[in-house]
Q: 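Let me give you the structure first, and then I'll get to my questions.
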Amino acid sequence: MPMNPDLEKERQGGTFDVEQLTHILDGGRDKTLKRHFLEQEVLKDPVFRGPDTRFLSREELFGELLRKHVAVIKKTQELSIDDINEASTIYSAAMNNNVGPLTLHSVAFVAPLDLMADDEQKKKWLIPAKKYEIIGCYAQTELGHGSFIRGLETRADYDVNTQQFVLNTPTETAIKWWVGGCVAVGDIGPKFGFGGVDNGYLCLNNVRIPRDNLLAKTGKVLEDGTYVKPENPKVVYGSMLGIRAALPKVGAYNLSKAVTIAIRYSCVRHQSEIKPGCGEPQVLDYQTQQHKLFPLLATAYAFHTVGVWMLDFHSTVMNEINEGHYHRLAEDHVLAAGLKAVINWKTHEGIEICRFSCGGHGYSLASSLPVIYVNHVANSTAEGETVILLLQTAVYLMKCVIDLEQGTPLDPSVAYLDQSFSKSEQWCSDVDMHSLLKAIQFRSKKFTEYVSSFVKKELMATGNQQLAFNKHKVILVECAKAHTEAVIMNAFVTKVDEILQSNPSVGKVLSLLCQIYGVTEILAHSGDYIQYEYLRKIDLDNIQDQLFKLYTYIRPEAVLLVDAFDFHDEVLKSILGRYDGQVYENMFKWAKASPFNKQDQGTFRKYIQQLKQAKL
Ligand SMILES: CCCCC/C=C\C/C=C\C/C=C\CCCCC(=O)SCCNC(=O)CCNC(=O)[C@H](O)C(C)(C)COP(=O)(O)OP(=O)(O)OC[C@H]1O[C@@H](n2cnc3c(N)ncnc32)[C@H](O)[C@@H]1OP(=O)(O)O
Ligand SMILES: Cc1cc2nc3c(=O)[nH]c(=O)nc-3n(C[C@H](O)[C@H](O)[C@H](O)COP(=O)(O)OP(=O)(O)OC[C@H]3O[C@@H](n4cnc5c(N)ncnc54)[C@H](O)[C@@H]3O)c2cc1C
């Protein structure tokens with residue numbers, strides 16, 4: 001199919017090599033080549049062909065995705081893939097923006113076995129689980145409790161005579177609920193999205209399991225019922241850490257899809273007039289459309305950068321824990337908590353902005369933006385609700401303030417809290433990314449000190465930490481967000497500095513995106529910078545001008561920057577986001593193919609006839 005002339009023209013501009021940026025995003029040219037190979041292994045294999053999942057009912061969707069997910073597993077085994085990124089490539093190429101039915105087995109059942117099973121148990125369960133010879137799920141949440149784990153009601157009473165645990169969900173609120181990939185007991189019914197996953201309920205009534213079913217690498221129960229505590233009790237929470245540490249990159253992936261669709265479509269879509277008689281401009285030439293999409297484009301790159309960094313950090317900490325060193329578990333937990341919370345929340349807001357920026361066609365499943373949205377938005381609740389996780393990060397920051405007062409060294413990701421920040425020089429309209437990072441770190445430091453003073457005062461008055469925290473939860477959450485933004489900006493600046501050395505032209509365009517991310521973040525909290533007397537009104541006016549100037553620099557690069565995400569059309573599955581930009585013809589073809597246009601509208605005639613016969 002010929003290339004849409006608008007997109008053809010867009011691709012003649014630009015100042016950097018798209019392929020080199022794709023290689024950087026993938027982690028090197030070899031990884032890009034391997035990703036292309038794996039995608040083709042899926043896309044050329046007829047077993048992965050099937051009905052357009054956007055036209056399917058919930059039951060049909062579950063069946064079709066289960067069929068495909070089994071094919072994904074076979075393909076992954078056939079190609080001897082064990083790298084998580086490569087496995088994700090095969091999975092994403094097949095799932096058409098859905099979450100597969102066996103996802104929870106891989107991310108929430110295998111991970112805890114890996115982390116908490118002893119060698120014997122690994123042989124018995126982890127090895128067959130990795131081969132899908134046993135399929136598992138993660139049944140923690142109950143009808144009455146999800147966030148408050150210590151409030152869970154399920155019982156496991158030890159029967160010393162039979163060396164068994166007797167499992168019971170003693171009340172209705174104790175029924176296990178939301179259990180992804182939970183089979184044979186019951187599905188909790190239709191949901192907002194996640195149609196490919198059978199989130200189930202599980203009632204336990206005197207279910208007996210052997211003593212050695214308790215994962216024993218950390219804590220264990222001896223034959224006489226004595227409980228041997230794990231060296232570090234918090235490691236039992238570790239199974240939730242793995243998914244949280246992975247979800248920032250999942251957020252980046254989903255936001256990258258949404259901005260790819262919205263920016264390509266905004267170059268194909270012509271609407272209204274700027275200069276009368278000069279034809280309808282591309283909607284991406286409107287400053288308001290750029291103001292919607294360019295900060296999100298910058299955010300997608302920022303989230304990808306920090307998502308890769310978080311996964312590396314987490315895997316290092318897990319290796320340390322496997323060797324018995326727990327000193328970085330707390331930092332890993334609060335980083336994963338803050339990044340998972342902020343990134344997934346801003347991602348679902350961003351996907352919605354992308355959908356709105358495509359007008360009516362964004363509301364059609366032909367765009368796939370609604371599919372990407374309803375499947376992504378769960379990530380702000382699942383694996384730790386947003387506020388719950390931000391409070392974890394906030395409590396850690398309050399401890400950092402005490403550590404600072406006591407001269408205890410801080411973890412590297414919060415070291416900036418110990419830095420002194422002088423009030424900024426007057427800003428013009430070309431503030432560099434390092435100055436923007438300093439400002440964002442300054443705000444986080446000041447906010448942490450401000451919140452800590454309130455919590456301390458409350459603690460003095462009540463002597464109760466939970467009460468003190470509960471009275472200031474709103475500002476504690478904001479404090480955690482401010483810190484997390486400092487972590488994101490620091491990772492982005494660090495990566496861009498590195499790329500400026502290795503590939504100056506790519507680095508330059510990414511530094512523009514980094515500035516857009518930083519300026520947008522500062523303008524979103526401009527009042528704080530005035531209140532803390534770090535910036536003046538003139539500074540804020542200047543960076544507002546800078547933002548609009550940055551948009552003009554990014555405009556000619558925008559399509560190339562989304563091309564660099566390198567989504568194959570069959571992976572993106574969006575008519576608005578097609579690489580060739582042939583939207584209208586394919587929208588019409590897709591609509592005509594809808595089963596709704598095929599089925600006999602007998603119902604229509606039957607009921608309309610009734611109206612006519614009713615002699616209204
Ligand atoms: C093959 C390719 C596949 C690709 C896949 C792609 C995408 C993936 C798609 C889908 C997957 C996404 C979602 C679906 C899966 C969802 C599964 C679930 O939802 S499972 C259930 C998740 N539930 C939760 O997250 C519950 C949240 N609540 C809690 O974690 C706890 O209740 C709490 C909020 C942390 C409170 O704990 P507690 O009541 O014990 O009190 P605290 O004093 O706050 O904590 C005690 C202590 O422990 C530390 N800590 C807490 N959590 C952790 C942790 N995870 N790790 C390490 N440490 C932890 C905490 O800091 C305290 O320490 P201290 O202050 O020093 O005492
Ligand atoms: C798509 C999806 C898949 C899931 N898969 C699984 C799975 O496979 N296995 C599993 O075990 N679970 C699963 N879950 C459940 C999920 O982990 C819980 O929904 C999540 O932990 C939130 O808990 P909750 O639903 O009890 O919300 P609640 O904690 O009841 O939250 C309700 C509101 O109360 C607020 N709140 C609660 N506690 C506090 C507090 N201390 N301070 C301030 N505010 C508070 C929250 O911020 C929120 O606004 C899944 C959920 C979804 C949506």
Q: Kindly give the heavy-atom pair with the smallest separation between Ile90 and Lys75, and that separation in Å.
A: CG2-CG, 4.2 Å
Q: Take atom CD in Gln77; do more than 12 heavy atoms of anything else shown fall under 6.0 Å from it?
A: yes
Q: Anything under 30° is parallel, anything over 60° is perpendicular, the rest tilted; go ahead and classify Tyr132 against His105.
A: tilted
Q: How about Arg578 and Val583: do any of their side-chain heavy atoms sit closer than 4.5 Å?
A: no
Q: Is Asp118 salt-bridged to Lys220, cutoff N-O under 4.0 Å?
A: no
Q: Atom CD of residue position Gln163 - does it have more than 12 heavy atoms of other residues, nucleotides or ligands inside 6.0 Å?
A: yes
Q: Are the side chains of His333 and Val317 in contact, using a 4.5 Å heavy-atom criterion?
A: no
Q: Closer than 4.0 angstrom, basic N to acidic O: yes or no for Asp45 and Lys74?
A: no
Q: Taking Asn586 for the side chain and Gln582 for the main chain, is one N or O donor matched with an acceptor at less than 3.5 Å?
A: yes
Q: Return all side-chain donor-acceptor pairs below 3.5 angstrom for residues 241-261, not counting sequence neighbours, or 'none' if the list is empty.
A:
unit_1: Arg244; atom_1: NE; unit_2: Glu383; atom_2: O; d: 2.9
unit_1: Lys249; atom_1: NZ; unit_2: Asn85; atom_2: OD1; d: 3.2
unit_1: Asn254; atom_1: ND2; unit_2: Val250; atom_2: O; d: 3.4
unit_1: Asn254; atom_1: ND2; unit_2: His376; atom_2: ND1; d: 3.0
unit_1: Ser256; atom_1: OG; unit_2: Ala252; atom_2: O; d: 2.5
unit_1: Lys257; atom_1: NZ; unit_2: Asn97; atom_2: OD1; d: 2.5
unit_1: Thr260; atom_1: OG1; unit_2: Ser256; atom_2: O; d: 2.7

Q: Within the distance-only criterion (no hydrogens, no angle test), does the side chain of Ser367 pair as donor or acceptor with the backbone N or O of Gly362 below 3.5 angstrom?
A: yes
Q: Is the distance between the ring centroids of Phe565 and Tyr301 under 6.0 Å?
A: yes
Q: Are side-chain heavy atoms of Asp563 and Arg264 found at a separation under 4.5 Å?
A: yes
Q: Looking at Tyr91 versus His69, is the centre-to-centre ring distance below 6.0 Å?
A: yes
Q: Is Lys481 salt-bridged to Glu485, going by a charged N under 4.0 Å from an acidic O?
A: no
Q: Using only atom types and a distance under 3.5 Å, with no angle test, would you say the side chain of Lys340 pairs donor to acceptor with the backbone of Gly384?
A: yes
Q: Using modelled atom types and a 3.5 Å cut-off, is there a donor and acceptor pairing between side-chain atoms of Lys31 and backbone atoms of His23?
A: no
Q: Strictly distance-based, threshold 3.5 Å: is any side-chain N or O of Asp159 a donor or acceptor partner for the main-chain N or O of Phe165?
A: no
Q: Does the side chain of Arg328 come within less than 4.5 Å of Glu320's, by heavy atoms?
A: yes
Q: Treating Glu39 as the side-chain partner and Thr89 as the backbone partner, does any N or O pair qualify as donor plus acceptor under 3.5 Å?
A: no
Q: So do the side chains of Tyr158 and Gln164 get within less than 4.5 Å of each other, counting heavy atoms only?
A: no
Q: Rounded to the nearest 0.5 Å, what separates atom SG in Cys203 from atom CG in Asn168?
A: 11.0 Å
Q: So, taking the atom named OG1 in Thr484 and the one named CG in Leu335, what distance separates them when rounded to the nearest 0.5 Å?
A: 8.0 Å
Q: Looking at every heavy atom in both Ile188 and Trp177, which two are closest together, and how far apart are they?
A: CG2-CE2, 3.3 Å
Q: Roughly how far apart are Glu570 CD and Lys44 NZ, rounded to 0.5 Å?
A: 15.5 Å
Q: Check this for me: Glu60, atom CD, are more than 12 non-hydrogen atoms of other residues, nucleotides or ligands nearer than 6.0 Å?
A: yes
Q: Rounded to the nearest 0.5 Å, what's the gap from CD1 on Ile135 to CZ on Phe109? Could you check?
A: 8.5 Å
Q: Taking side-chain contact (heavy atoms from CB on, under 4.5 Å) as the criterion, tell me which of Glu349, His348, Lys346 meets it with Ser380.
A: His348
Q: Shortest non-hydrogen contact from Ser368 to Arg54?
A: OG-NH1, 3.3 Å
Q: Identify the two heavy atoms, one from Ala341 and one from Leu389, that lie closest to each other, and give their separation to 0.1 Å.
A: CB-CB, 4.2 Å
Q: Please confirm whether the backbone N or O of Val18 pairs with a side-chain atom of Thr22, one donor and one acceptor, at under 3.5 Å?
A: yes
Q: Angle between ring planes, Phe313 versus Trp309, binned at 30° and 60°: parallel, tilted or perpendicular?
A: parallel
Q: Just by modelled atom types, is the Thr316 backbone N or O under 3.5 Å from a matching donor or acceptor in the Asn319 side chain?
A: no
Q: Out of curiosity, Ser147 OG to Ile388 CD1, how far, rounded to the nearest 0.5 Å?
A: 4.0 Å
Q: Kindly check if the number of other-residue, nucleotide or ligand heavy atoms within 6.0 Å of CG (Asp83) is above 12?
A: yes
Q: Which value, rounded to the nearest 0.5 Å, describes the distance between His327 atom NE2 and Ile321 atom CD1?
A: 9.5 Å
Q: Can you see which heavy atom on Trp178 is nearest to which on Asn199, and at what distance?
A: O-ND2, 2.9 Å
Q: Evaluate side chain to side chain donor-acceptor pair (under 3.5 Å) for Lys68 paired with Asn96, printing each intermediate quantity in order.
A: CA-CA 10 Å; Lys68 280 184 160 182; Asn96 303 146; 2.9 Å; yes
Q: Is the closest basic N to carboxylate O distance between Arg35 and Asp566 below 4.0 Å?
A: yes
Q: Between Glu86 and Leu38, what is the shortest heavy-atom contact and its length?
A: CB-CD1, 3.6 Å
Q: Above 12 or not: heavy atoms from other molecules or residues under 6.0 Å from OH of Tyr363?
A: no
Q: Any chance NZ of Lys124 has more than 12 other-residue heavy atoms, nucleotides or ligands included, within less than 6.0 Å?
A: yes
Q: Testing the 3.5 Å rule here: is there a donor-acceptor pair between the side chains of Glu142 and Thr154?
A: yes
Q: Do NZ/NE/NH1/NH2 and the carboxylate oxygens of Asp52 and Lys573 come within less than 4.0 Å?
A: no
Q: Can you name the side chain to side chain donor-acceptor pair (under 3.5 Å) partners of Glu153, sequence neighbours left out?
A: Thr171, Thr173
Q: Indicate yes or no for a side-chain donor-acceptor contact from Gln121 to the backbone of Asp212 under 3.5 Å, with no hydrogens or angles considered.
A: yes
Q: With distance as the sole test, does Asp26 use its side chain to make a donor-acceptor pair with the main-chain N or O of Gly28 at under 3.5 Å?
A: no
Q: With no hydrogens and no angle check, just 3.5 Å: does a side-chain donor-acceptor pair link Ser413 and Asp411?
A: no
Q: State, with a plain yes or no, whether a side-chain heavy atom of Arg58 is found less than 4.5 Å away from one of Lys191.
A: yes
Q: For the residue pair Tyr201 and Val185, establish whether any side-chain heavy-atom pair is separated by less than 4.5 Å.
A: yes
Q: With a 4.5 Å limit on heavy-atom distance, are the side chains of Val70 and Arg67 in contact?
A: no
